[in-house]
Number of protein chains: 4
Amino acid sequence: MDVNNWVDDFFNLMDEEKMTEKQKKILLASIEVFAEKGYAASSTSEIAKKAGVAEGTIFRHYKTKKDLLMSIVAPVMAKLIAPLLIKDFQKVFKQNFQSYEEFVRALLLNRLTFIKEHLSVVKILLQEIPFHPELRQHFSETVMEQVVSRIESVIIPFQEKGEIIDLPPKSIIRFTASSIIGLLFGKFILFPESEWDEVQAIEETIQMILHGVEKK
Amino acid sequence: MDVNNWVDDFFNLMDEEKMTEKQKKILLASIEVFAEKGYAASSTSEIAKKAGVAEGTIFRHYKTKKDLLMSIVAPVMAKLIAPLLIKDFQKVFKQNFQSYEEFVRALLLNRLTFIKEHLSVVKILLQEIPFHPELRQHFSETVMEQVVSRIESVIIPFQEKGEIIDLPPKSIIRFTASSIIGLLFGKFILFPESEWDEVQAIEETIQMILHGVEKK
Amino acid sequence: MDVNNWVDDFFNLMDEEKMTEKQKKILLASIEVFAEKGYAASSTSEIAKKAGVAEGTIFRHYKTKKDLLMSIVAPVMAKLIAPLLIKDFQKVFKQNFQSYEEFVRALLLNRLTFIKEHLSVVKILLQEIPFHPELRQHFSETVMEQVVSRIESVIIPFQEKGEIIDLPPKSIIRFTASSIIGLLFGKFILFPESEWDEVQAIEETIQMILHGVEKK
Amino acid sequence: MDVNNWVDDFFNLMDEEKMTEKQKKILLASIEVFAEKGYAASSTSEIAKKAGVAEGTIFRHYKTKKDLLMSIVAPVMAKLIAPLLIKDFQKVFKQNFQSYEEFVRALLLNRLTFIKEHLSVVKILLQEIPFHPELRQHFSETVMEQVVSRIESVIIPFQEKGEIIDLPPKSIIRFTASSIIGLLFGKFILFPESEWDEVQAIEETIQMILHGVEKK
DNA sequence: GATGAATGAGACTTCATTCAT
DNA sequence: TATGAATGAAGTCTCATTCAT
């Protein structure tokens, strides 16, 4: 099963189709354990125990432990960027957003909602990306070559209208994404115990991002 | 060896004092292997081989594998924030920086230089923080309670002067740090293969950060 | 199912009677897999896949994996020696063969033809005999106590006529069988890839066998 | 470790050099277990138990189970044909043997003695050759291309002198080897329980072999 | 009769750690 | 101090077999 298959699987897997009850339990248990200990430090026996399943059952559904990881991570990766991959991105965009602020706000809030819903899996994805070149490659190909170019096509008109700063669109995108990833990293990885006013933190971050790219 | 000892060790370890040739080789090999595969997926036998020592030798110097990790990670953590922990922070600051921009620029460039010099170890630190509560706790205590308060004491006067935006200092700090971490994450983890103009990317990021926090 | 049953089964099994399509496929697949990897290294799941049936189906027809082996091997063992077990062996012999050479030539050519037709199964039989005492016992009982004695009764008259050498009939039989088994072993196991002129090799071997036992 | 290394190892392994006490025990236990159950049906845990060693210890000395098999089998294979690979085969032969009978008798008795001494291992070798192409290839290369040609050079002069039959030397060799292998197969594999007069059986076999190839 | 999900024992192998030398 | 053989617990994975559908 290579990455492409995993991504194809996104349409049947994790969507309660063709999955036995036990398989779903295995998936959920894996997510829990991987998120807590990291992939390499998780044992299939612990996953089996937590899923209430014999260890062999895991391997009936997933040929290897790595397969299990990929089955978890690939669909989320796909969904994470899915909204940015729609065909008529430009059209949809023009219908909906009149200012850059509106666009950024809508996109970020939407994606943050998604991330919050799939937090554990996103955490696993971020943690494992450094160690799995296939993952990284697939991610960078999709993101770099498709997502980025679509967003660029949104940014450029606003630059031309003089609404936002004249830096390379790629830098603007990276800056925006960075701020968001940094926000999440702080919240969920560095200081998971600390309490904070989430809504407000997000609002402030968006403000600063917009502020940072706006043309004075 | 608890975290406090590790931090104390910062003054004797990694500084070529009291370390045998073999011990240094072990440390360097560990850094290489941990950075490449992650702590959990690295084996002491591989480290031994790469260091050119016997397997047993590692355990003569480091009681456990985890000890080895901490010996690597703790000193860097300490050094990473060291400049922000100096006693006379306020005084030093006032002597040197007249504008917020100057301060941010100096601090970020300085720390980025440090990170580049110790990249592997910083990578290990970031990767392992999620899985080692002691590390996380130590980090959050030091950073939150000491570093942040010192930086706050710098930010507030600039806010009073109307030079920067009126958001909570903590949010400003988080935003700034986020942008930097995001920058590094993109460069070194997501797209390590891609080439880019580093100096310029940093410059652009700093610009947007400053822009983002500046009061219009 | 003990050995006797298997042998009894020889009359219903492998003869397309009472066998479903699936069962035949299972049998053929088993033969293929066992011959290639050996019994112990073959998995029922591989056999099922190759037979195009579900894993469970195998066990509907054969209680255990070993049962499957025996169902393959027992009938061939029976058939292999069948011609030498006919009731009126002496009579048949006297009608047909006037010289020892004629007899040996007829018997060997006939059995070699049979073996070629059932090569895979004979291979499996030879390979598994060392590890299954029941098989070995059954084989040695039948062969030693029945086959050998019948052949002895052929050899002795020729010795009395001075046509063949005066060694113990058992030694003559062993020598003859050895040469044949050795021939097969070389051809099919040691050097399966090499080409050779089969007809001639057989002819030469028979010549030397006859030569070896002939009285000068 | 490929076959060539295994063969090279023949000079240091199995000769009590550089082997720890435990390693020797592992080797002996393996031979015992492999010979009894066959390689595939033997478990490393049983070997460890029989050797009085922790299971992990096996893998410190032999990277894989197959490595263990090869470490057992390769040296014997080498030694088995070693006498036929000496440089001055022709010279040695001429000094020692005046008739073909003398030569065959000497060679066979010598090799049979060797085989008896290393019976278990030879058994393992014969049993595993069908399933390990590398073994088979190495065997056939060495035997076919070296051993056979040296023996041929002995046979041809005797054929020219009219002492032995005019069949292709290869056939004569195969016939001779076959008879011997068949003898062993009967004795040690088919009927290991039966008693017999070994010396006499060998003598009879040799007689028939010689008889079979002799020119009348 | 046929399926294939599920099992759990056990296979091979790795690994951090210990200890005699 | 340094070694590396030895350990045994634990890891991933395979397999023959069962059973509900």
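In the text below, chain A, chain B and the rest are named by the order of the sequence lines, each starting its count at 1. Predicted, not measured: the structure shown is a model, and the values here were computed from it.
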I need the CD1-C1' distance between C:Ile58 and E:dG1, as an integer number of Å. 15 Å
Taking all atoms of both residues into account, what is the closest heavy-atom pair of C:Ser42 and C:Phe34, and its distance? OG-CD2, 3.4 Å
Tell me, for nucleotides 13-19 of chain F in 5' to 3' order, what letter each nucleotide earns: B for a base near a protein heavy atom under 4.0 Å, S for only sugar-phosphate near one, - for neither? BBSBBB-
Exercise: identify the closest heavy-atom pair between C:Ala35 and C:Gln127: O-OE1, 4.3 Å
Within the side chain of A:Gln23, is there an N or O that forms a donor-acceptor pair under 3.5 Å with the backbone of A:His61? no
Take atom CD of B:Glu46 and atom P of E:dT13, then tell me their distance rounded to the nearest Å. 19 Å
Does B:Thr57 place a side-chain N or O at less than 4.0 Å from the phosphate oxygens OP1/OP2 of F:dT3? yes
Which one, F:dA5, F:dG8, F:dA2, comes nearest to the side chain of D:Thr20? F:dA5
What's the NZ-P distance between A:Lys49 and E:dT7, to the nearest Å? 15 Å
Any chance you could lay out the side chain to side chain contact (heavy atoms under 4.5 Å, CB included) test for A:Leu27 and A:Tyr62, step after step, and finish with the verdict? CA-CA 10 Å; A:Leu27 227 35; A:Tyr62 305 93; 3.3 Å; yes
B:Val53 vs D:Ala54, nearer the 5' end of DNA chain F by closest nucleotide: B:Val53
How close do C:Ile124 and C:Leu69 get, heavy atom to heavy atom, and via which atoms? CG2-CD1, 3.7 Å
For DNA chain F, the dot-bracket notation using Watson-Crick and G-U wobble pairs below 3.5 Å, [ ] for pseudoknot-type crossings and | for other-strand pairs, is .||||||||||||||||||||
Nearest-Å distance, OH (D:Tyr62) to P (F:dA5)? 12 Å
Check the phosphate of F:dT1 against B:His61, side-chain N and O only, distance under 4.0 Å to OP1 or OP2. Yes or no? no
Short question: side chain of A:Glu55, backbone of A:Ser45 - any donor-acceptor pair under 3.5 Å? yes
Rounded off to whole Å, could you give me the CZ-to-C1' distance for the D:Phe34 and E:dA11 pair? 13 Å
Spacing of D:Lys25 atom NZ relative to F:dA5 atom P, expressed in whole Å: 16 Å
Where C:Glu128 and C:His132 come nearest, the two heavy atoms and their spacing: O-CD2, 2.9 Å
Is the NZ or CZ atom of C:Lys65 both under 6.0 Å from the centre of the six-membered ring of C:Tyr39 and within 45° of that ring's axis? yes
Rounded to whole Å, the CD1-P distance (B:Ile26 to F:dA2) equals 8 Å
Can you tell me how far P of E:dA6 sits from CE of A:Met19, to the nearest Å? 12 Å
To the closest 0.5 Å, what do you measure between NE2 (C:His138) and CD1 (C:Ile129)? 10.0 Å
